[in-house]
Participant: 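If you scroll down you'll find the structure; I have some questions about it.
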2 protein chains.
Amino acid sequence: MSITHLQSFVAVAEEGHVGRAALRLHITQPPLSRHILALEDELGTPLFERVPKGMRLLPTGEALLHHARRILAEVDVATRTVREAAQGSGAASKPPA
Amino acid sequence: MSITHLQSFVAVAEEGHVGRAALRLHITQPPLSRHILALEDELGTPLFERVPKGMRLLPTGEALLHHARRILAEVDVATRTVREAAQGSGAASKPPA
DNA sequence: ACGTCCAATGCTGTTCCGGCATGACGCGGC
DNA sequence: GCCGCGTCATGCCGGAACAGCATTGGACGT
């Protein structure tokens with residue numbers, strides 16, 4: 001389970017469509033499809049129902065979506081917080097000279 | 001920024017020592033050292049002060065540690081929650097036959 | 001029955017990554 | 001002052017992981 005896989009999962013969940021999610025993530029469809037399969041394999045359960053129109057979220061997928069968004073948001077907050085702390089302390093990237 | 005890197009970071013932060021953290025993570029010291037360097041590079045600021053005894057957490061590092069623990073805990077919860085939801089719904093891994 | 005649209009798979013070149021050996025640096029003992 | 005020890009960092013290499021291309025397999029609509 002990697003952050004990249006979670007980003008892929010959220011994109012597919014929101015688009016309901018692997019190809020469209022791939023465009024959004026600036027990758028191609030096959031690796032994105034594999035990301036989802038890898039997640040499903042790791043968790044031991046399918047996350048989407050494959051329907052003719054694309055991918056429909058299963059209950060397990062909805063459960064994951066909730067946590068995945070939280071995780072991604074937390075990663076974002078962590079990044080910003082550390083960068084702010086770095087600026088506040090006079091960091092390596094921004095020596096006030 | 002990957003989950004593996006965050007695990008590495010937390011281990012080093014808690015041990016204050018790359019070599020010992022490496023033992024705990026069952027990897028060797030060089031890749032672990034590189035994980036920390038990669039994080040510092042990505043965030044644009046050092047996270048540890050290198051002291052003769054090992055690695056001392058900087059304020060930026062403490063800020064990250066807080067969020068890193070939260071993220072890792074959330075990943076754990078996500079994994080368990082989905083697996084439980086899968087069992088509750090009659091999942092692929094456990095067909096009741 | 002055929003064409004269309006979708007995800008999944010086979011394959012290949014590249015990139016990433018871990019481990020081994022070694023280097024660079026600082027400290028302490030002598 | 002010199003040497004030895006302990007620490008993290010770096011050069012290198014072999015294997016695994018990954019993205020993209022081309023293609024397949026399957027389902028629906030017409």
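Below, read A as the first sequence line, B as the second, and so on, with proteins coming before strands; counting in each chain starts at 1. Atom set for the values below is all heavy atoms of this structure, side chains included, hydrogens, waters and symmetry mates excluded.
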Participant: Can any side-chain N or O of B:Thr60 pair as donor or acceptor with the backbone N or O of B:Pro46 at less than 3.5 Å?
Facilitator: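 Yes, B:Thr60 side chain to B:Pro46 backbone: donor-acceptor pair under 3.5 Å.
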
Participant: State the OG1-CG distance between B:Thr81 and A:Leu64, to the nearest 0.5 angstrom.
Facilitator: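 Reported to 0.5 Å precision, the distance equals 9.5 Å.
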
Participant: Is there a residue in residues 7-25 of chain A whose heavy atoms reach under 4.0 Å of DNA chain C, and which residues are they?
Facilitator: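 Residues of residues 7-25 of chain A that come under 4.0 Å of DNA chain C are, in numerical order, A:His17, A:Val18, A:Gly19.
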
Participant: Reading DNA chain C 5' to 3', which nucleotide is the first, and which the last, to come under 4.0 Å of any heavy atom in chain A?
Facilitator: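 Counting from the 5' end, contacts occupy C:dC6 to C:dC11.
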
Participant: Side chains of B:Met1 and A:Thr79: does their closest heavy-atom pair fall under 4.5 Å?
Facilitator: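 Yes, side chains in contact.
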
Participant: Any ring pair (Phe, Tyr, Trp, His ring centres under 6.0 Å) pairs touching residues 43-82 of chain A, not counting sequence neighbours?
Facilitator: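 Found A:Phe9-A:Phe48.
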
Participant: Would you say B:Leu47 and B:Leu57 make side-chain contact, with heavy atoms under 4.5 Å?
Facilitator: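 The answer is no, as the side chains (C-beta and beyond) never meet within the 4.5 Å cut-off.
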
Participant: Spell out protein contact along nucleotides 18-24 of chain D as letters: B when the base is contacted, S when just the sugar-phosphate is, - when no protein heavy atom is under 4.0 Å; keep the 5' to 3' order.
Facilitator: -SBBB--

Participant: Taking salt bridge (Lys or Arg N to Asp or Glu O under 4.0 Å) as the test, write out the residues that go with A:Asp41, two or more places apart.
Facilitator: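 With neighbours one apart ignored, the set is empty.
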
Participant: Rounded to whole Å, please give me the gap between CZ in B:Arg50 and C1' in D:dT10.
Facilitator: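 Checked: the CZ to C1' distance equals 13 Å.
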
Participant: Taking ring pair (Phe, Tyr, Trp, His ring centres under 6.0 Å) as the definition, give me every residue that meets it alongside B:His5, ordered by chain and number, with sequence neighbours left out.
Facilitator: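 Once residues adjacent in sequence are excluded, the partners of B:His5 under the ring pair (Phe, Tyr, Trp, His ring centres under 6.0 Å) criterion are B:His35.
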
Participant: To the nearest 0.5 Å, how far apart are CG in A:Leu6 and CG in A:Leu72?
Facilitator: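 Result: 5.5 Å between the selected atoms.
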
Participant: With sugar-phosphate meaning primed atoms plus P, OP1 and OP2, does B:Ile36 contact a base, only sugar-phosphate, or nothing at under 4.0 Å between heavy atoms?
Facilitator: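 Result for B:Ile36 = nothing.
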
Participant: Looking at residues at least two apart in the chain, or sitting in another chain, which of them share a side chain to side chain donor-acceptor pair (under 3.5 Å) with A:Gln7?
Facilitator: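 Listed in chain order: nothing, the list is empty.
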
Participant: Does anything in residues 56-67 of chain B reach DNA chain C, meaning a heavy atom under 4.0 Å, and if so which residues?
Facilitator: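 The answer is none.
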
Participant: Would you give me the side-chain donor-acceptor pairs under 3.5 Å for residues 21-28 of chain B, sequence neighbours excluded?
Facilitator:
residue, atom, partner, partner atom, Å
B:Arg24, NH1, B:Glu14, OE1, 3.3
B:Arg24, NH1, B:Glu15, OE2, 2.8
B:Arg24, NH2, B:Glu14, OE1, 2.4

Participant: Using the side chain to side chain donor-acceptor pair (under 3.5 Å) criterion, which residues pair with A:Gln29? Sequence neighbours excluded.
Facilitator: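 Counting only residues at least two positions away or on another chain, A:Gln29 forms no side chain to side chain donor-acceptor pair (under 3.5 Å).
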
Participant: Suppose the criterion is salt bridge (Lys or Arg N to Asp or Glu O under 4.0 Å): which pairs have a residue in residues 42-51 of chain A, not counting sequence neighbours?
Facilitator: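 For residues 42-51 of chain A: A:Glu40-A:Arg50, A:Glu49-A:Arg56.
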
Participant: Quick one: does A:Thr45's side chain have a donor or acceptor within less than 3.5 Å of a partner on B:Val82's backbone?
Facilitator: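 No: the side chain of A:Thr45 does not pair with the backbone of B:Val82.
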
